[in-house]
Amino acid sequence: MTHDANKRGPSAVLIGFMGAGKSTVGRVLADRLGVDFVDTDSVIVQTTGRSIPDIFTTEGPQRFREIERDVVLDVLGSHRGVVALGGGAVMTPAVEAALAGQRVVYLRIDADAGFARVADSDRPLIAGEDPAGRYRELLAQRDETYTRAGAFVVDAAAGDPGEVADAILADLARALVGERVAST
Ligand SMILES: Nc1ncnc2c1ncn2[C@@H]1O[C@H](COP(=O)(O)OP(=O)(O)O)[C@@H](O)[C@H]1O
Ligand SMILES: O=C(O)C1=C[C@@H](OP(=O)(O)O)[C@@H](O)[C@H](O)C1
Ligand SMILES: [Mg+2]
């Protein structure tokens with residue numbers, strides 16, 4: 001999906017799987033751009049007053065996706081800075097549709113590197129049996145959607161979070177130059 005230079009929306013929306021660094025890199029990117037940063041998982045925690053694992057356990061994954069969809073659509077419609085989505089948000093069709101034409105950055109990570117980053121975390125989708133296998137399987141299922149939704153694809157393991165943010169900035173700058181050339 002390419003982005004539409006004339007469409008209003010966030011400066012950039014980061015998508016990709018758990019551990020890609022959306023939350024970490026997104027904050028650095030926002031600092032560098034001098035704009036606000038919103039992580040939709042943090043908004044979910046703030047608005048519900050509950051942790052993500054708690055919502056998954058007590059309400060179930062489907063209800064989590066509904067809450068997530070409402071928060072993400074609200075943020076995409078109102079926030080002009082950098083947005084980091086939760087890894088599964090794009091799998092909700094209404095979210096993927098809302099991302100059309102936006103400056104969407106797919107932070108791509110391979111299964112080994114990504115799992116190593118989140119193996120010790122409390123992410124509910126890898127809380128059961130065979131977390132490494134589950135991680136690999138889910139990533140394989142989602143890669144096509146991430147690729148379709150992302151206007152830019154950036155290697156999430158290209159360096160430390162600052163270096164990944166710089167790689168995103170370089171891509172955004174190249175696109176900006178392309179837009180100016182196209183409009184002259
Ligand atoms: N470029 C990077 N290099 C090394 N570690 C990273 C990088 N980006 C993120 N991390 C680490 O990986 C873990 C997951 O990062 P996070 O930003 O929560 O990912 P996501 O939001 O995509 O799930 C955190 O411990 C974070 O510090
Ligand atoms: O991939 C997913 O379905 C999820 C990713 C998590 O966010 P991060 O991608 O920021 O880890 C969080 O939204 C929740 O645990 C579900
Ligand atoms: Mg995150």
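For ligands, and for the atoms within them, numbers begin at 1 and follow the listed sequence. This one's a predicted model, so the numbers in the text were calculated from it and none came from an experiment.
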### Task
With heavy atoms of S23 as the reference, note each atom of ligand 1 found under 4.0 Å away.
17 (O), 21 (O)

### Shared hydrophobic cluster, V28 / V13 (ILVMFWY, side-chain heavy atoms < 4.5 Å)
no

### Query
Any N/O of F56 closer than 3.5 Å to an N/O of ligand 2?
no

### Query
Does V118 reach ligand 1 with a nitrogen or oxygen that is under 3.5 Å from one of the ligand's nitrogen or oxygen atoms?
no

### Query
Closest non-hydrogen protein atom to atom 1 (O) of ligand 2, residue and atom name please, with distance?
R142 NH1, 2.6 Å

### Query
Between D112 and R136, does at least one N-O distance fall below 4.0 Å, as a salt bridge requires?
yes

### Task
Enumerate the protein N/O/S atoms at a distance below 2.8 Å from the Mg ion (ligand 3), ignoring waters.
S23 OG

### Summary
Between R69 and A94 the two heavy atoms that sit nearest each other are CD-CB, 4.1 Å

### Query
Nearest protein heavy-atom contact for atom 5 (C) of ligand 2: which residue, which atom, what distance?
G87 N, 3.3 Å

## Note on the structure
From the list I15, D155, D143, L139, side-chain contact (heavy atoms from CB on, under 4.5 Å) with R108 holds only for D143

### Message
More than 12 heavy atoms of other residues, nucleotides or ligands under 6.0 Å from CZ of R117: yes or no?
### Response
yes

### Query
Do you reckon L73 sits in the same ILVMFWY cluster as V75, going by side-chain contacts under 4.5 Å, direct or chained?
no

### Summary
Closest to atom 15 (O) of ligand 1 by heavy-atom distance, out of V25, T24, V28, is T24

### Under 3.5 Å: N/O of P124 near N/O of ligand 2
no

### Task
Begin from the C-alpha positions of E66 and R63 and carry the test salt bridge (charged side-chain N to carboxylate O under 4.0 Å, His left out) through to its verdict.
CA-CA 5 Å; E66 288 169 9; R63 179 67 194 131; 2.9 Å; yes

### Task
For T48, enumerate each residue passing the side-chain contact (heavy atoms from CB on, under 4.5 Å) test, keeping only those at least two apart in sequence or located in another chain.
I44, R50, I55, I67

### Summary
Under 4.0 Å from one or more heavy atoms of R65, ligand 2 contributes atoms 2 (C), 3 (O)

### Task
Taking only Lys NZ, Arg NE, NH1 and NH2, and the carboxylate oxygens of Asp or Glu, determine whether R32 and D166 approach each other closer than 4.0 Å.
yes

### Query
Which of the numbered atoms in ligand 2 are below 4.0 angstrom from a heavy atom of I52?
14 (C), 15 (O)

### Message
Below a 4.0 angstrom heavy-atom separation, can you tell me which part of A156, side chain or backbone, both or neither, approaches ligand 1?
### Response
backbone

### Query
At a 4.0 Å threshold, what atoms of ligand 2 neighbour a non-hydrogen atom of M18?
1 (O), 5 (C), 9 (O), 11 (O)

### Message
Among all the protein's non-hydrogen atoms, which is closest to atom 12 (C) of ligand 2, and how far away is it?
### Response
D41 OD2, 3.2 Å

### Short N or O distance, G21 and ligand 1, threshold 3.5 Å exclusive
yes

### Query
So is M91 in contact with ligand 2, going by heavy-atom distances below 4.0 Å?
no

### Message
Which of the numbered atoms in ligand 2 are under 4.0 angstrom from any heavy atom belonging to L125?
### Response
2 (C), 3 (O)

### Query
Short list, please: which atoms of ligand 2 are under 4.0 Å from a heavy atom of K22?
8 (P), 9 (O), 10 (O)

### Query
Who gets closest to atom 4 (C) of ligand 1 by heavy atom: R123, M18, R117, E163?
R117

## Note on the structure
Using a 4.5 Å side-chain heavy-atom cut-off and chaining through intermediate ILVMFWY residues, the residues clustered with M91 come out as none

#### Entry: Backbone N/O of G101 and side chain of T2: donor-acceptor pair under 3.5 Å
no

### Query
When you look at CG of D130, are more than 12 heavy atoms from neighbouring residues, nucleotides or ligands closer to it than 6.0 Å?
yes

### NZ/NE/NH1/NH2 to OD/OE distance under 4.0 Å, E137 and R134
yes

### Query
Just by distance, do the side chain of Y146 and the backbone of G87 share a donor-acceptor pair under 3.5 Å?
yes

### Query
Can you tell which part of D39 has a heavy atom less than 4.0 Å from ligand 1: side chain, backbone, both or neither?
neither

### ligand 2 contacted by R117 (non-hydrogen, < 4.0 Å)
no

### Task
Using a strict cut-off of 4.0 Å, indicate which atoms of ligand 2 neighbour a heavy atom of R123.
11 (O)

### Query
Do you know the tightest heavy-atom contact between D36 and A30?
O-CB, 3.9 Å

### Query
Is I168 isolated, or which residues cluster with it under the ILVMFWY side-chain rule of less than 4.5 Å, directly or via members?
L14, V25, L29, L33, V35, F37, V82, V105, L107, F152, V154, V164, L169, L172

